[in-house]
Amino acid sequence: MEQQRTARVWGLIFAHARADGRPISIDTVCHACADAFGAAGVTIALHRDLVVYEPVSATGSTAPRLADLQVTLGEGPGLAALADRRTVLVPDLGATETASRWPVFAPAAVKAGIRSVHVFPLLLGAIAIGVLEISHADNRLMTPDEIGDALIFADAALLIQTHQLVNPGAGPTDLQFGQVERWAEVHQATGMVAAQIDADLTTAFVRLRAHAYVAGRSLREVAQDVVARTLRLEPWMNNGESED
Amino acid sequence: MLYRRTAQVFVELADTLVAGFDVIDFLQSLAERAVEIFDVDAAGIVLADPRGTLTLVAASSEEVRLLELFQLQEEEGACLDCYRSGTAVTCADLSTDPARWPRFSAAAITLGFSAVHAFPLRLRDQVLGAIGLFNAAPRELSEDTTTVAQALADVATIGILNERTLREHQVVTEQLHFALNSRVLLEQAKGMLAERARIDVGQAFAVLRKYARDHNRTLTSVAQELIDNRAGMTDLIAVAAGKRIAESG
């Protein structure tokens with residue numbers, strides 16, 4: 001099982017950043033994703049402490065409308081994916097079962113020219129920070145291959161967003177891209193760090209990655225040290241500490 | 001004897017398919033039972049991540065060496081060949097054919113395993129993953145054992161896909177993603193408990209599992225509660241810390 005799929009999707013994202021002449025950001029993921037799927041719209045919305053669903057990046061004509069509808073109506077596939085922490089695939093917004101699931105949203109979305117939506121949570125175990133929504137003007141169900149690609153776009157959005165939380169000025173080469181989900185030690189270490197610094201898992205994951213970055217080591221190596229208890233992270237100071 | 005043990009296990013697994021189903025609990029039980037039924041030394045289940053890797057979701061023991069062996073199979077080995085071909089792949093003695101999987105065989109032998117057998121988790125034309133069985137001594141599987149092992153792999157498939165009616169490949173992809181993410185959540189919970197109770201992650205897993213069983217809860221729900229309500233599960237942490245004290249004393 002080669003890592004081809006991951007490399008290919010990240011290649012698309014990097015190519016977009018280069019073409020725009022900008023560092024990789026959540027917008028880059030959004031645009032690269034829209035191109036890859038020929039989508040009518042792509043939205044990335046985050047779930048924050050006080051706001052359940054906050055669109056932070058959108059591209060395509062239908063994206064703002066889709067987000068507005070969900071914010072206004074309080075229902076829709078993005079909100080469902082956030083609540084259930086699961087992928088939500090809606091091949092036909094005009095179908096009876098879709099209309100009965102979201103009685104106000106579904107007809108309004110169809111009226112706005114959206115016929116199908118695929119939503120992927122930005123998810124890593126219990127870490128759930130938002131959703132990636134891909135909409136099309138026609139009825140369609142993504143193939144398993146497309147779903148695989150979309151999951152990597154969602155991973156990319158999660159990695160970029162959690163990195164931004166620690167270093168807003170970071171450029172593309174600063175990020176440690178990879179298949180974070182592959183190594184059990186990374187998730188174990190995330191849980192351990194959460195207890196060490198008395199924070200939630202998202203914060204712990206950010207700290208772990210920041211530590212690896214600053215130390216110039218791989219995330220997996222750092223995670224192994226945490227699990228072996230040769231490395232502990234201390235609670236973050238308020239004054240923007242230097243990393244240990 | 002094989003059939004009697006197997007029948008028992010199938011009944012047990014069928015029970016777990018009904019109420020309060022948890023995919024991780026289910027696959028974990030299946031891996032543990034596989035060791036008993038087939039008289040092997042270790043068993044594990046790997047699933048095809050829709051992102052394109054083969055990832056371990058359950059193992060009969062949380063021994064690091066075993067987990068590493070499964071991780072290695074992302075690149076080569078019996079589970080990978082089995083996943084790619086959709087058919088059973090067996091090797092009775094890894095030392096007789098070292099060129100077949102040079103890195104995997106070397107690692108397996110170093111870790112004390114001589115025989116490996118892998119059976120596919122199949123749904124019609126799609127392969128979801130594989131169940132791998134390891135023996136310390138060289139071993140040929142009998143035809144009966146092979147038949148039953150494939151039946152067990154089929155039960156695993158049913159379990160993974162349990163929650164929804166299956167019409168589409170897309171739904172299978174989603175279920176695989178869900179199962180793999182549940183495993184990630186469990187690893188996070190293991191780490192959190194290990195740190196709070198000052199035990200290692202393997203012990204943390206044992207405590208979580210026992211707690212879930214004693215309280216008739218699913219492993220995932222206990223793991224989620226531990227993560228969500230960090231101040232809440234004091235009894236679980238006390239049990240875990242008790243384990244550390246008992247073992248050191």
Side-chain angles (χ1 to χ4, degrees), chain A residues 1-9 84-89 91 118 120-121 123-128 141-152 154-155 179-201 204-205 223 226-229 232, chain B residues 46 48-56 59 62 64 67-68 70-71 73-76 79-80 83-84 126 163 168-178 180-198 200-202 204-205 220 223-224 226-228 230 237:
Chain A
M1 308 278 305
E2 301 77 332
Q3 319 294 318
Q4 286 164 354
R5 186 188 294 280
T6 308
R8 183 168 46 72
V9 171
D84 298 346
R85 299 181 169 198
R86 290 189 82 143
T87 302
V88 174
L89 311 178
H118 296 78
F120 302 89
L123 192 67
L124 190 62
I127 298 172
L141 186 56
M142 282 187 177
T143 65
D145 269 346
E146 289 175 324
I147 291 173
D149 287 358
L151 289 171
I152 296 169
D155 288 346
Q179 297 201 301
V180 287
E181 69 283 357
R182 264 184 73 193
W183 306 110
E185 306 95 300
V186 171
H187 312 306
Q188 292 163 359
T190 303
M192 289 177 74
V193 169
Q196 286 168 6
I197 66 175
D198 194 24
D200 61 23
L201 286 169
F205 183 58
V226 171
V227 173
R229 294 205 157 89
R232 277 184 70 84
Chain B
V46 292
D49 190 309
R51 300 170 180 91
T53 59
L54 210 51
T55 305
L56 182 72
E62 293 283 305
V64 175
L67 306 186
E68 281 176 356
F70 278 104
Q71 282 183 339
Q73 300 208 45
E74 187 177 299
E75 281 132 41
E76 65 171 39
C79 288
L80 179 59
Y83 167 71
R84 282 189 171 155
Q126 195 176 4
E163 291 171 82
E168 306 280 359
H169 282 304
Q170 284 81 353
V171 182
V172 177
T173 307
E174 202 278 328
Q175 295 289 99
L176 286 173
H177 179 230
F178 179 77
L180 289 161
N181 194 65
S182 302
R183 180 70 203 191
V184 172
L185 187 145
L186 178 61
E187 298 298 344
Q188 291 166 339
K190 278 163 62 181
M192 200 174 259
L193 180 59
E195 182 63 24
R196 303 199 107 211
R198 311 299 298 162
D200 69 41
V201 289
F205 176 80
T220 303
Q224 182 73 59
L226 181 76
I227 288 167
D228 285 346
R230 287 179 295 123
I237 293 159

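Side chains are part of it too, since the values below use all heavy atoms of this structure and drop only hydrogens, waters and symmetry mates. Chain naming here is simple, since letters A, B, ... match the order of the sequence lines and numbering starts at 1 in each.
Of all the heavy atoms in A:Arg229 and B:Ala194, the pair that sits closest is NH2-O, 2.8 Å. Contact between A:Arg5 and B:Pro50 at its shortest, heavy atoms only, is NE-O, 3.4 Å. A pairwise comparison of heavy atoms in B:Gly191 and A:Met192 identifies O-CG, 3.0 Å as the closest pair.
The CE atom of B:Met192 sits 11.0 Å away from atom CD of A:Gln196, with the distance rounded to the nearest 0.5 Å. Here the CG atom belonging to B:Asn181 is positioned 9.0 Å from the CZ atom belonging to A:Arg85, to the nearest 0.5 angstrom. One finds the CZ atom of B:Arg51 at 4.0 Å from the CG atom of A:Asp155 (value rounded to the nearest 0.5 Å). Between atom OG1 of residue B:Thr55 and atom CH2 of residue A:Trp183 there is a gap of 9.5 Å, rounded to the nearest 0.5 Å.
Heavy-atom distances place no part of B:Ala189 under 4.5 Å from chain A, backbone and side chain included. Interface remark: A:Ala126 contributes backbone and side-chain atoms alike to the contact with chain B (heavy atom separation under 4.5 Å). Heavy atoms of A:Leu151 lying under 4.5 Å from chain B belong to its backbone as well as its side chain.
Partners of B:Arg198 according to the side chain to side chain donor-acceptor pair (under 3.5 Å) rule, which considers only residues two or more places apart in sequence or in another chain, are B:Glu195. Remark: B:Asp200 engages no residue in a salt bridge (charged side-chain N to carboxylate O under 4.0 Å, His left out) (not counting sequence neighbours).
The main-chain N or O of A:Leu124 is found under 3.5 Å from a side-chain atom of B:Gln188 such that the two form a donor-acceptor pair.
Using a 4.5 Å cut-off on side-chain heavy atoms (C-beta onward), A:Glu185 and B:Val201 make no contact.
With respect to chain B, the highest number of heavy-atom pairs below 4.5 Å among A:Leu123, A:Val9, A:Thr190 belongs to A:Leu123.
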